[in-house]
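Excluded from the calculations below are hydrogen atoms, water molecules and symmetry mates; all remaining heavy atoms, backbone and side chain alike, are included. Counting convention: from 1, in listed order, for ligands and their atoms alike.
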Amino acid sequence: MSDAVVGLDIGTSRIRAVIGEISDTGVLQITGVGTSSSNGLRKGVVVNIENTVRSISQAVEAAEMMSGIEVSRCMIGIGGTHIDGLNSRGVVAVTGKGRDNREIGQDDITRVIDAAKAVVIPMDRQVLHVIPQSYIVDEQKGVKDPRNMIGVRLESEVHIVTGSVTSVQNMVKCVNRASLNVDEYMLHALAAVKSVMTEEERELGSILIDLGGGTTDVLIMADGAPLLTAVIPAGGIQVTNDISIVKGISVETAERIKLDTGCCWLPLIEENEEVILPGVGGRPPVVIPRSEIAEIIQPRMAEIFSMVMEKISSVSKKRQLSGNVILTGGGALLPGVVELASEIFNTQAVRMGIPGNFGGLTGEYRSPDYATVLGLVLSASERRRVLEGESGPSDTQSRPVITRIRGWLKEFF
Ligand SMILES: Nc1ncnc2c1ncn2[C@@H]1O[C@H](COP(=O)(O)OP(=O)(O)OP(=O)(O)O)[C@@H](O)[C@H]1O
Ligand SMILES: [Mg+2]
């Protein structure tokens with residue numbers, strides 16, 4: 001049981017828990033997956049504690065049942081409209097080890113990251129991640145690891161992710177009330193990057209778009225580090241609501257019709273394809289062309305992608321992004337979504353983000369809507385390995401965690 005690691009993705013539409021076990025050879029094996037429908041969040045933020053606690057418990061219990069082990073700690077994902085990202089710089093003089101030896105040590109790196117972190121952050125917000133992008137040693141730009149280099153002036157460029165203190169606290173509170181301790185948290189999109197984006201894509205400049213129920217998360221990775229984080233307050237729930245309003249049917253029926261017959265690229269639909277809409281208030285069902293549903297979905301999805309385009313424009317003007325646009329989240333399962341994104345982003349380099357190699361994982365979970373939770377469990381296993389490497393397996397539970405996470409996070413990207 002002590003070798004179990006748990007990822008928990010508390011989404012607006014669904015809550016997903018994944019249990020992994022680390023084998024003697026250090027390989028992560030997925031042994032339990034549990035999901036539940038989420039009823040206590042709005043746009044990624046907890047608005048009803050009781051409902052959220054219940055949904056978390058259901059998902060975790062289902063995962064426990066599958067894996068046959070009980071778990072007590074987890075890594076959670078943090079998302080929602082309160083998330084913000086910014087780039088910052090810090091500069092320090094290298095202290096070095098001696099008067100004539102200006103060799104950069106860990107101490108200088110810690111100081112220069114702290115200097116970059118010293119931006120004014122409002123009292124009601126907290127720093128979730130500080131991820132180094134690159135360093136400048138004297139005039140030398142683009143240094144990935146300045147350790148042991150000789151220099152006088154050390155500058156750092158970092159990406160900082162912040163979130164609302166109370167939103168994070170409410171999320172943690174729900175998890176605690178569901179009888180789990182939170183070891184660490186990670187931005188949803190960063191977790192998804194871990195499970196679906198290749199190293200080459202991260203270097204070349206790629207955009208991860210997580211099409212969730214309540215929000216659409218955007219993360220640009222370039223030169224191996226995050227360059228832009230943004231959360232758009234729109235997602236699949238709006239698409240379902242549009243169908244419900246235009247066709248005068250319940251939200252539940254609209255969701256089913258979207259899942260069964262939805263499409264967001266009209267050229268994919270054949271002329272004779274039809275959809276049966278159930279009758280409301282005793283009226284008989286009606287048969288409509290499938291294209292009528294697509295005509296409702298496509299403009300909303302196009303609007304979401306246009307909002308993404310607007311968010312990334314400041315970066316894409318300055319830095320060429322030669323990697324891929326990668327779509328994850330439940331919305332990535334919508335037929336035609338790759339075609340629509342290709343048109344709006346004006347590139348053929350669009351693909352669905354399907355989580356890669358996870359031992360023990362069956363095909364049904366190798367799906368873009370599991371990208372975040374699988375990234376979380378993978379991160380939890382890597383974190384465990386780092387902690388065990390430092391201290392041996394026996395006391396990983398009792399040591400203070402947060403102080404050691406910085407180095408661990410740095411190895412991620
Ligand atoms: N096969 C499918 N076709 C179309 N849409 C789908 C499909 N499967 C799921 N969705 C949509 O994806 C959305 C849920 O995606 P996901 O599970 O990634 O969201 P979430 O993580 O719960 O929400 P968020 O990340 O916004 O907090 C819902 O709106 C759902 O209708
Ligand atoms: Mg999500």
**Message:** For Arg16, which part has a heavy atom under 4.0 Å from ligand 1: side chain, backbone, both, or neither?
**Reply:** side chain
**Asked** Which of the listed options, Leu259, Asp369, Thr12, holds the heavy atom that is closest to atom 8 (N) of ligand 1?
**Response** Leu259
**Message:** Ignoring hydrogens, what is the shortest heavy-atom contact between Gly90 and Val112? Give both atom names and the distance.
**Reply:** O-CG2, 3.5 Å
**Identity and distance of the protein heavy atom lying nearest atom 31 (O) of ligand 1** = Glu255 OE2, 2.5 Å
**Prompt:** What atoms of ligand 1 come closer than 4.0 angstrom to any heavy atom of Gly11?
**Reply:** 20 (P), 21 (O), 22 (O), 27 (O)
**Prompt:** Identify the closest protein heavy atom to atom 1 (N) of ligand 1: which residue and atom is it, and at what distance?
**Reply:** Leu333 CB, 3.5 Å
**Asked** Within 45° of the axis and under 6.0 Å from the centre of the six-membered ring of Tyr370, does NZ or CZ of Arg16 qualify?
**Response** yes
**Asked** Only one of Lys141, Arg111, Arg89 clears salt bridge (Lys or Arg N to Asp or Glu O under 4.0 Å) with Glu155; which?
**Response** Arg89
**Request:** Distance to 0.1 Å, residue and atom name: give those for the protein heavy atom nearest to atom 25 (O) of ligand 1.
**Result:** Gly212 CA, 3.8 Å
**Asked** Does some non-hydrogen atom of Gly331 fall short of 4.0 Å from ligand 1?
**Response** yes
**Message:** Geometry only, no angles: is Thr240 polar-contacting ligand 1 at N/O separations under 3.5 Å?
**Reply:** no
**Message:** So, regarding Gly330 and ligand 1 (criterion: nitrogen or oxygen to nitrogen or oxygen, under 3.5 Å), is there a contact or not?
**Reply:** yes
**Prompt:** So, is Ser13 polar-close to ligand 1, with some N/O to N/O distance under 3.5 Å?
**Reply:** yes
**Asked** How about Asp223 and Lys144: do any of their side-chain heavy atoms sit closer than 4.5 Å?
**Response** yes
**Asked** Counting both backbone and side chain atoms, is some N or O of His188 under 3.5 Å from an N or O of ligand 1?
**Response** no
**Item:** Heavy-atom proximity to atom 13 (C) of ligand 1, best of Ser37, Gly213, Gly235, Ala254
**Value:** Gly213
**Ionic contact status for Arg383 with Asp183, cut-off 4.0 Å** = yes
**Asked** Where the side chain of Ser195 meets the backbone of Ala371, is there a donor-acceptor pair that is under 3.5 Å apart?
**Response** yes
**Prompt:** Salt-bridged, Glu255 to Lys258, with N to O below 4.0 Å?
**Reply:** yes
**Prompt:** Taking distance alone, with no angle check, do Gly214 and ligand 1 share an N/O pair under 3.5 Å?
**Reply:** yes
**Item:** Nearest heavy-atom neighbours spanning Val218 and Ile232
**Value:** CG2-CD1, 4.0 Å
